[in-house]
Amino acid sequence: MKALILSGGTGTRLRPFTYSIPKQLVPVANKPVLLHCLENVRAMGVTEVGLIVGGQEEQIRAVVGDGSPLGLEITYIPQHLPLGLAHCVQIARDFLGDDDFVMYLGDNMLIGGTTEAAKAFQEQRPDAALLVTEVPDPRQFGVAEVDAEGRVLALAEKPPHPRSNLALIGVYFFTPAIHEAVAGLRPSARGELEITDAIQRLVEDGRAVSAERFTGYWKDTGNVEDMLDCNRVLLDALRSQGPYAGVDPDSVLTGEVVLGPGAEIIASRVEGPVVVGAGTVIRNSHIGPHTAVGRDCELTGTGISDSIVLEGASIRDVQGIHGSLIGRWADVQAGTSLPRRRLLVGDHSQISLSA
């Protein structure tokens, strides 16, 4: 089995961050979402991966490379315009050949359950197998209508009147039968070739299409709130790896704290779960739970919790930062600060907060 991972979207809901970084490379728990996806695929026993990339291909190549550190062999497949998931299957035809494959959206976080789903697909080998989960508002998703035996009866993409609350969550298993189904598709009202339309063709042709309810953790990391939620869940699984050479005697670390090589904690209090990237220096600060600080950052006189700070950011003399996402190389500073400020700061920003 091969894998087709989609990482070519524009990430409009995560702007301004995605003006300069692909949404799949925004980190949770100091690791890009895309790397979490690739690790899940490798855990399924898949080693050959086709990676759909768009206009920010160079940044993705810089992070993923040829995939060898992950035990993968990566083939990059350019998609010049975001023309839909079924279009991705079409342009990957040469890579996929006649192999079964898993298609995985590269901005989705799934924890637990994907390996079991892959095994079930390989054992039963329906023409398509979909991971689904119950959602409160299925109008925002592709929706599957499923019978009591798990057979898919019908699919619809973001229907105004859903006949089910079972949403497709971005992991699909296919046999080569899908190639005939995507051939000749017409664009939807959104101007895209919908994978739901292709799977509906399989259903109408009497092919075996099954749905498996996903019981692990799943988030579409398309907005800041979901990124922060993923960050909390992953940090809750942290396990400290101390003692740490970079922690001075005037600092206190409690809970689960992981420090990267060369990170320094000086006269500060760090309450885990917290992860701090390589080369970052934290001085006279209070780092609260569920905070991920990237590499080569400088935090001085800072109070921050439940937040993500990307690499190279500098925060000085700002207290009460909470539920925030700070972009790469951002510079945030203040004289006298007010409590619990919320910041959504894009890359290369410079912010001065007045009293």
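Computed from a predicted structure; not experimentally measured.
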- Glu298 and Ser314: CA distance, side-chain angles, deciding distance, side-chain hydrogen bond (donor to acceptor under 3.5 Å, both in side chains) verdict: CA-CA 5 Å; Glu298 293 188 16; Ser314 175; 5.0 Å; no

Path from [X] to [Y] over hydrophobic side-chain contacts below 4.5 Å:
X	Y	value
Leu85	Val143	no
Ile308	Val63	yes
Ile5	Leu83	no

- Positive for side-chain hydrogen bond (donor to acceptor under 3.5 Å, both in side chains) with Ser188, one of Lys158, Glu157, Glu194: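 Option passing the side-chain hydrogen bond (donor to acceptor under 3.5 Å, both in side chains) with Ser188: Glu194.
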
Least distance between heavy atoms, [X] atom then [Y] atom:
X	Y	answer
Trp218	Asn108	NE1-ND2, 3.3 Å
Val182	Ala86	CG1-CB, 4.0 Å
Tyr104	Cys37	CE2-SG, 3.5 Å
Val28	Met109	CG2-SD, 4.2 Å
Val318	Gln333	CG2-C, 3.8 Å
Arg186	Leu193	C-CD2, 3.6 Å

- Task: Please determine if Arg207 and Asp205 form a salt bridge, counting it only when a charged side-chain N lies under 4.0 Å from a carboxylate O.
- Result: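 Asp205 and Arg207: not salt-bridged.
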
- Does a side-chain N-to-carboxylate-O contact under 4.0 Å join Asp331 and Arg316? yes

Test item: [X] side-chain N/O and [Y] main-chain N/O as donor-acceptor pair under 3.5 Å:
X	Y	result
Tyr244	Gln241	yes
Asn30	Val293	yes
Asn231	Ala29	yes
Gln200	Leu155	yes
Ser210	Gly150	no
Ser7	Gly106	no
Arg61	Asp66	no
Glu57	Gln79	no
Arg42	Gly71	yes
Ser307	Ser324	yes

- Query: Of all residues at least two apart in sequence or in a different chain, which pass the side-chain hydrogen bond (donor to acceptor under 3.5 Å, both in side chains) check with Lys2?
  - Reply: Asp99

Side-chain atoms of residues 262-282: list all donor-acceptor pairs with protein atoms under 3.5 Å, sequence neighbours left out, distances to 0.1 Å.
| from | atom 1 | to | atom 2 | distance (Å) |
| --- | --- | --- | --- | --- |
| Ser268 | OG | Ile266 | O | 2.8 |
| Ser268 | OG | Asn284 | N | 3.0 |
| Ser268 | OG | Ser285 | N | 2.9 |
| Arg269 | NE | Glu271 | OE2 | 3.4 |
| Glu271 | OE2 | His286 | NE2 | 2.5 |
| Thr280 | OG1 | Gly294 | O | 2.6 |
| Thr280 | OG1 | Asp296 | N | 3.1 |
| Thr280 | OG1 | Cys297 | N | 2.9 |

Please tabulate, for the side chains in residues 129-136, all donor-acceptor contacts under 3.5 angstrom to protein atoms that are two or more places apart in sequence or on a different chain.
| from | atom 1 | to | atom 2 | distance (Å) |
| --- | --- | --- | --- | --- |
| Glu134 | OE2 | Arg213 | NH1 | 2.8 |

- Apart from Val252 itself, residues in the same hydrophobic cluster as defined by side-chain heavy atoms under 4.5 Å: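 Via sub-4.5 Å side-chain contacts, Val252 links to none.
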
- Is there any salt bridge (Lys or Arg N to Asp or Glu O under 4.0 Å) pair reaching into residues 67-95, and which pairs are they, with sequence neighbours excluded?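 Residue pairs with at least one partner in residues 67-95: Arg93-Asp98.
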
- Note on the structure: salt bridge (Lys or Arg N to Asp or Glu O under 4.0 Å) pairs touching residues 235-260, sequence neighbours excluded, are none

- Query: When you check the side-chain N and O atoms of Asp229 and Tyr217, is any donor under 3.5 Å from an acceptor?
  - Reply: yes

- Do Glu192 and His87 get their side chains close enough for a donor-acceptor pair, meaning under 3.5 Å? no

